[in-house]
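Read the structure below first, then the notes.
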Amino acid sequence: MNRISINFYSTFFSNIWLTFLLIILTPIYIYFLGVEYYGLIGFYATFLTVITIFDTGIASTATREISWKNNDI
């Protein structure tokens with residue numbers, strides 16, 4: 001097996017394992033936290049992901065614009 005196929009299969013099986021754990025552990029989380037807190041944590045995680053995606057684009061654009069402005073001085 002070459003390196004690419006090993007990486008592909010390891011990523012594939014790790015995603016299957018993650019999905020399995022998510023299905024198994026969700027009722028346990030809800031039992032200990034309650035539906036409201038579990039939903040609040042899910043909303044926070046989603047919000048943080050969206051903000052991170054937007055920040056990635058804004059940070060690179062701001063860096064490019066600042067360096068471009070500094071070359072004019």
Measure the spacing between [atom1] of [X] and [atom2] of [Y] and express it to the nearest 0.5 Å.
X: T11; Y: L18; atom1: OG1; atom2: CG; value: 12.0 Å
X: F8; Y: F13; atom1: CZ; atom2: CZ; value: 9.0 Å
X: L21; Y: I24; atom1: CG; atom2: CD1; value: 8.0 Å
X: L33; Y: Y38; atom1: CG; atom2: OH; value: 9.0 Å
X: F32; Y: I28; atom1: CZ; atom2: CD1; value: 7.5 Å

With hydrophobic residues grouped by side-chain heavy-atom distances under 4.5 Å, do Y29 and L22 end up in a single group?
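In one cluster: no.
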For residues L25 and Y31: do they belong to one hydrophobic cluster (side chain heavy atoms under 4.5 Å, members Ile, Leu, Val, Met, Phe, Trp, Tyr)?
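Per the 4.5 Å side-chain linkage, L25 and Y31 are co-clustered.
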Return yes if some donor-acceptor pair links the side-chain N/O of T26 with the main-chain N/O of I23 below 3.5 Å, else return no.
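Here the side-chain-to-backbone pair does not exist.
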Which is it for R3 and I6 under the side chain to side chain contact (heavy atoms under 4.5 Å, CB included) test, yes or no, and what are the steps along the way?
CA-CA 5 Å; R3 194 169 187 87; I6 291 172; 5.7 Å; no
With distance as the sole criterion, is a donor-acceptor pair present between the side chains of S10 and N7 under 3.5 Å?
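Their side chains do not contain a donor-acceptor pair, so the 3.5 Å distance test is not met.
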Hydrophobic cluster mates of [X], side-chain heavy atoms under 4.5 angstrom, ILVMFWY only, any path?
X: V50; result: F54
X: F43; result: none
X: F47; result: I51

Residues, nucleotides or ligands: over 12 heavy atoms within 6.0 Å of I4 CD1:
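No, CD1 of I4 has 12 or fewer neighbouring heavy atoms, counting only those of other groups under 6.0 Å.
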For T49, which of T52, T46, I53 qualifies under side-chain contact (heavy atoms from CB on, under 4.5 Å)?
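Single pass found, and it is I53.
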